[in-house]
Amino acid sequence: MTSIARTFALSLGCAATTIFLIMLSIFILRYPMEEREFKTCRVVAAVLNRATVIEGQNLTVRSTPALEELKADSPNLWYVVSAGDLVSEYGSEHRPPLPIAFPYRGPVGLSVFSTHDQKSTFCLDVAQRGSLRLTTMVGEPQVRFGRIARNFLVRSIFPIFLLALAFAATVAVGSALAARFVSRGIARVTHRALAIDPAAPQGSISLSEVPHELKPLVAALNRAFAEIDAYIRMQRRFLGNAAHQLRTPLTLLRAKIEDVPQPALRTELVRDVRRLTSLVSAMLDLARLQNHAIEKRPIDLAQITLDVLADFSPSALDAGIELALEQDGKGPFLVQGVDAAVRSALANLVGNALIHAHGARRIVAALSRDGISIDDDGAGLPAGAEHKLLEPFQTGNTAGDGAGLGLSIVREIMAAHGGELVISSAPGRGTTMSLRFPAAAATVASPQLGLQAR
């Protein structure tokens, strides 16, 4: 779709040009009619002056196409051309008595006079030709409008050009300003729309801040934002309520499973209930995180990482996997956040690495100014699988434990902290999952820390 500003300017320019041409045509049509006699006299005098030839003691008005056209259009035409004592006359039978005698001694110029009987007028044109004064008197001329218009355009071409240029400049400036006004109005609406949080679009765009023409569009956007916000709130409320209501039945079911006499069946049922419980807990954590704003405080990533790795040490020992902590510089590494939320995010990453990093022998937690990364030397992920893992209910191993909400919750936690979860992997080269904070930065003296589980 083309630019609104460009389309507006082009349309306005075309319309203005058309209006200008119409006004010019009307001006050419009406203005000569209001002073027809004077304009006609100017045209006829020019025709006769071009046709007049003075050679010695002879004055001749030679035949020209313009003069023949004038004679054909003017059946009662008469004229007298004189230069000193030389005179050439045409249509004397139509000429009334004149109030001017020859040779004429008046000033140079063009005038319109009335005859003695006041029933008609005639044109008097006096022009200096060398040492002679050429005097032309014409009566009853009929000049075609096209010739009058051409004469007018030729004599007024420069003023018309200046007028057209000024008009075009005015239209161009006006269209540019109008287009800028429209563009700024759209840009203001766009800025206000972008400022609305997609996760909670309860905001609205004030109708007083937009042009009148955009108010229906903005009103429709506000209504859409309100409907989306209501739907999101309803969805989150349902998710939280459902997760909360499921926790009690699952707890009771777990207690009843302990009474199952067959050990193999009991173990299988316990594993299934554990997965259901993990799913419900993840759903509840996700609902709480989405529905409540978090209060950030300075927390130490190094201490949190040590605690999380210590919690997973027994599981790592059972699996024969080494856990290690590496620091890029000295700590603590301070970020603004919520301790419990960051611990949950990091525990999800470490737990995922222990469960899904097939063939891994070492998992390293690397601290840096940007945040923390969990790197394993396992089999890695298939090409393109990184983005799928961030979707809810997606797991790296469909046969293993896990609700499939862990990484989705980690992404929500990082988004709430203004950061992001970055996953990079290659088949056969392991997987790296990183928590990137917007300002993960503080370094003070502390020895390098290491934690291993063998």
Side-chain angles (χ1 to χ4, degrees), residues 247 250-251 254 257-258 263-264 266-286 299-327 339-367 371-381 385-386 389-390 393-411 413-414 421 423-425 429-435 449-454:
R247 295 185 71 177
L250 286 175
T251 302
R254 175 67 181 274
I257 290 176
E258 296 297 333
R266 183 170 62 249
T267 301
E268 185 177 352
L269 291 175
V270 167
R271 184 175 65 251
D272 292 339
V273 171
R274 185 183 298 115
R275 292 188 63 185
L276 286 174
T277 304
S278 175
L279 172 61
V280 171
S281 297
M283 291 172 60
L284 189 57
D285 291 341
L286 183 59
I299 56 176
D300 183 6
L301 284 180
Q303 186 59 51
I304 291 176
T305 305
L306 278 174
D307 294 343
V308 171
L309 293 181
D311 292 339
F312 281 95
S313 292
S315 299
L317 285 172
D318 293 340
I321 298 176
E322 175 188 352
L323 293 182
L325 174 64
E326 296 179 356
Q327 293 186 198
D339 186 284
V342 175
R343 285 177 185 272
S344 175
L346 186 56
N348 265 297
L349 298 189
V350 176
N352 272 331
L354 288 173
I355 296 173
H356 301 297
H358 304 295
R361 284 288 171 259
R362 192 168 189 263
I363 296 176
V364 179
L367 280 167
I372 182 169
S373 299
I374 303 300
D375 184 24
D376 66 70
D377 58 357
L381 298 172
E386 295 91 338
L389 290 179
L390 295 177
F393 304 105
Q394 295 291 331
T395 65
N397 180 9
T398 56
D401 294 335
L405 280 176
L407 294 182
S408 178
I409 292 176
V410 173
R411 183 180 61 178
I413 290 174
M414 294 309 297
L421 169 63
I423 302 176
S424 61
S425 181
R429 297 184 180 180
T431 302
T432 300
M433 297 190 181
S434 305
L435 304 180
L449 299 174
L451 177 65
Q452 296 184 339
R454 301 184 185 274

(request) Any chance you could measure Ser434, atom OG, to Leu421, atom CG, to the nearest 0.5 Å? (result) 8.0 Å
(message) Has Ser373 got a side-chain atom pairing as donor or acceptor with Met433's backbone, closer than 3.5 angstrom?
(response) no
(request) Show your working on side-chain contact (heavy atoms from CB on, under 4.5 Å) between Ile374 and Leu346 and close with a plain yes or no. (result) CA-CA 8 Å; Ile374 303 300; Leu346 186 56; 3.7 Å; yes
(request) To the nearest 0.5 Å, tell me how far Arg429 CZ sits from Asp377 CG. (result) 14.0 Å
(request) For the pair Asp375 (side chain) and Val364 (backbone), establish whether a donor and an acceptor sit closer than 3.5 Å, ignoring hydrogens and angles. (result) no
(message) Among residues at least two apart in sequence or on other chains, which ones pass side-chain contact (heavy atoms from CB on, under 4.5 Å) with Leu269?
(response) Ile257, Val260, Leu265
(request) Kindly give the heavy-atom pair with the smallest separation between Ala347 and Val308, and that separation in Å. (result) CA-CG1, 3.9 Å
(message) For Gly380 versus Thr431, what's the shortest heavy-atom pair and its separation?
(response) CA-OG1, 3.6 Å
(request) Check Val342 against Ile299 and note the closest heavy-atom contact, atom names and distance. (result) CG2-CD1, 3.6 Å
(message) Before you tell me yes or no, could you show the steps for Leu435 and Val410 under side-chain contact (heavy atoms from CB on, under 4.5 Å), namely the whole-Å CA-CA distance, both residues' side-chain angles and the distance that decides it to 0.1 Å?
(response) CA-CA 9 Å; Leu435 304 180; Val410 173; 3.6 Å; yes
(message) Testing the basics here: between Leu367 and Ala302, what is the closest heavy-atom pair and its distance to 0.1 Å?
(response) CD1-CA, 3.5 Å
(request) Could you tell me whether the side chain of Asn348 and the main chain of Leu407 form a donor-acceptor pair under 3.5 Å? (result) no
(request) Identify which one of Asp318, Ile321, Leu349 satisfies the side chain to side chain contact (heavy atoms under 4.5 Å, CB included) criterion when paired with Leu354. (result) Ile321
(request) Only pairs at least two apart or in different chains count here, so list each salt bridge (charged side-chain N to carboxylate O under 4.0 Å, His left out) that has a residue in residues 303-312. (result) Asp307-Arg343
(request) Mind checking the CD1-CG spacing from Ile363 to Leu325? Nearest 0.5 Å is all I need. (result) 13.5 Å
(message) On a heavy-atom basis, which atom in Ala324 and which in Leu309 lie closest, and how many Å separate them?
(response) O-CD1, 4.0 Å
